[in-house]
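Please read the structure below before turning to the comments.
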2 protein chains.
Amino acid sequence: MTTARRAILKALENSEDHPDALMLHDRAKEFDPTIAQATVYRTMRLLEQEGLVEKHDFGNGRARYEEAEKEQHDHLINLSTGEIIEFHDTDLEALKIEIAKRLGFDLKDHRLELYGVPKE
Amino acid sequence: MTTARRAILKALENSEDHPDALMLHDRAKEFDPTIAQATVYRTMRLLEQEGLVEKHDFGNGRARYEEAEKEQHDHLINLSTGEIIEFHDTDLEALKIEIAKRLGFDLKDHRLELYGVPKE
DNA sequence: ATAAATATGCGAATGAGTTGCATATGCAGT
DNA sequence: ACTGCATATGCAACTCATTCGCATATTTAT
Ligand SMILES: [Mn+2]
Ligand SMILES: [Mn+2]
Ligand SMILES: [Zn+2]
Ligand SMILES: [Zn+2]
């Protein structure tokens, strides 16, 4: 456990907005001003492999991250603002498993993003 | 309408496997042996903007394409083989719209991929 | 056929992410 | 606290998909 890794972990804990590696680098600098970009990338890869972090691609070119601990959820992206809203739906989870089964597969993973604009 | 574009369109029509730009380049060479990589990229971007083609990211580094004409569907990726299976589920479509509405949004787009391994 | 508009090929540029390597740091074991 | 080794870091160079500039070729409109 190094200074750099502690800094990144703290930056991630303080973030509620699914930050990308650049954002994490900036935020981690507050705790370790000398931290390098490459260290952020390396650490995020490690954390993802350890299952401590989830990596998402919301289609903006950069991967975005969040802690893996929270309860399972999917994302809705507000196309007007870029804001990411989390949601969980039990029926949806069940349906995904059911559809995979119907096709002859055991569901191992999935990726679901909804893109919408505010109603009205 | 140019020779290159016709070649790419034919390559795409002949493909049932959600090809990436490299695959399309290879396949288009059969109809236009001098076609350049850059032309494939430019043409796919154009076709996507025109709504004639759908671009997918199945997490393999390269974007993959398919004609947009066919009926709306989502994808299940066989993790054992990489094979892409298409499916359509009315309940799922309705549920996605319903969830967005519940969150206060009109659903404009979505991305759903299931990753699974063959049952048993 | 001619000219203006567009598309192409090529190679260079971009940008996120990775990696080699020399140095620095963390962590035993003393 | 001191030493030694394993591991992590910073930096710069690299990779790889995709984009872009530009001179030339192809299309399309006249
Ligand atoms: Mn989910
Ligand atoms: Mn769908
Ligand atoms: Zn989330
Ligand atoms: Zn498809």
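Since we're looking at a predicted model, the values are computed, not measured. Quick note on labels: first sequence line is chain A, next is B, and so on, each numbered from 1.
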**Study point:** Sequence neighbours excluded - side-chain hydrogen bond (donor to acceptor under 3.5 Å, both in side chains) pairs with any residue from residues 47-60 of chain B
**Key:** B/His56-B/Glu66
Study note, to complete from the structure: What residues 3-31 of chain A contributes to the DNA chain D interface at heavy-atom separation below 4.0 Å is A/Ala4, A/Arg5
Revision key, fill the gap. So the salt bridge (Lys or Arg N to Asp or Glu O under 4.0 Å) pairs with at least one residue in residues 99-113 of chain A (sequence neighbours excluded) are A/Glu98-A/Arg102, A/Arg102-B/Asp89, A/Arg111-A/Glu113, A/Arg111-B/Glu113, A/Glu113-B/Arg111
**Study point:** Distance below 4.0 Å between B/Thr2 side-chain N/O and C/dT6 OP1 or OP2
**Key:** no
Review point. Among residues 41-59 of chain B, which contact DNA chain D at a heavy-atom distance under 4.0 Å?
Key: B/Tyr41, B/Arg42, B/Arg45
Review point. Where the side chain of B/Ala36 is concerned, which of C/dG9, C/dG17, C/dT19 is the nearest nucleotide?
Key: C/dG9
Practice item. Kindly give the cluster partners of B/Ile35, where membership spreads through any ILVMFWY side chain lying under 4.5 Å from a current member. Key: B/Ile8, B/Leu9, B/Leu12, B/Leu24, B/Val40, B/Met44, B/Leu47, B/Leu52, B/Val53, B/Tyr65
Point to revise | Co-members of B/Met23 in a cluster of I, L, V, M, F, W and Y side chains, linked at under 4.5 Å | key: none
Practice item. Apply salt bridge (charged side-chain N to carboxylate O under 4.0 Å, His left out) to A/Asp91 and list each qualifying residue two or more places apart in sequence or on a separate chain. Key: none
Review point. Checking B/Ser15 side chain against B/Asp17 main chain: does a donor-acceptor pair fall under 3.5 Å?
Key: no
Review point. Taking the hydrophobic residues Ile, Leu, Val, Met, Phe, Trp and Tyr, and joining any pair whose side-chain heavy atoms are under 4.5 Å apart, which ones share a cluster with B/Leu46?
Key: none
Review point. In chain order, what residues pass the salt bridge (charged side-chain N to carboxylate O under 4.0 Å, His left out) check against B/Lys10, with sequence neighbours excluded?
Key: none
Check your understanding: Contact boundaries of DNA chain D with chain B (under 4.0 Å, heavy atoms), 5' to 3'?
Key -> D/dA17 to D/dT28
Review point. With B/Arg62, which residues qualify under salt bridge (charged side-chain N to carboxylate O under 4.0 Å, His left out), at least two apart?
Key: B/Asp20
Exercise for review: State which residues pass salt bridge (charged side-chain N to carboxylate O under 4.0 Å, His left out) with A/Arg45; sequence neighbours excluded, sorted by chain then number.
Suggested key: none
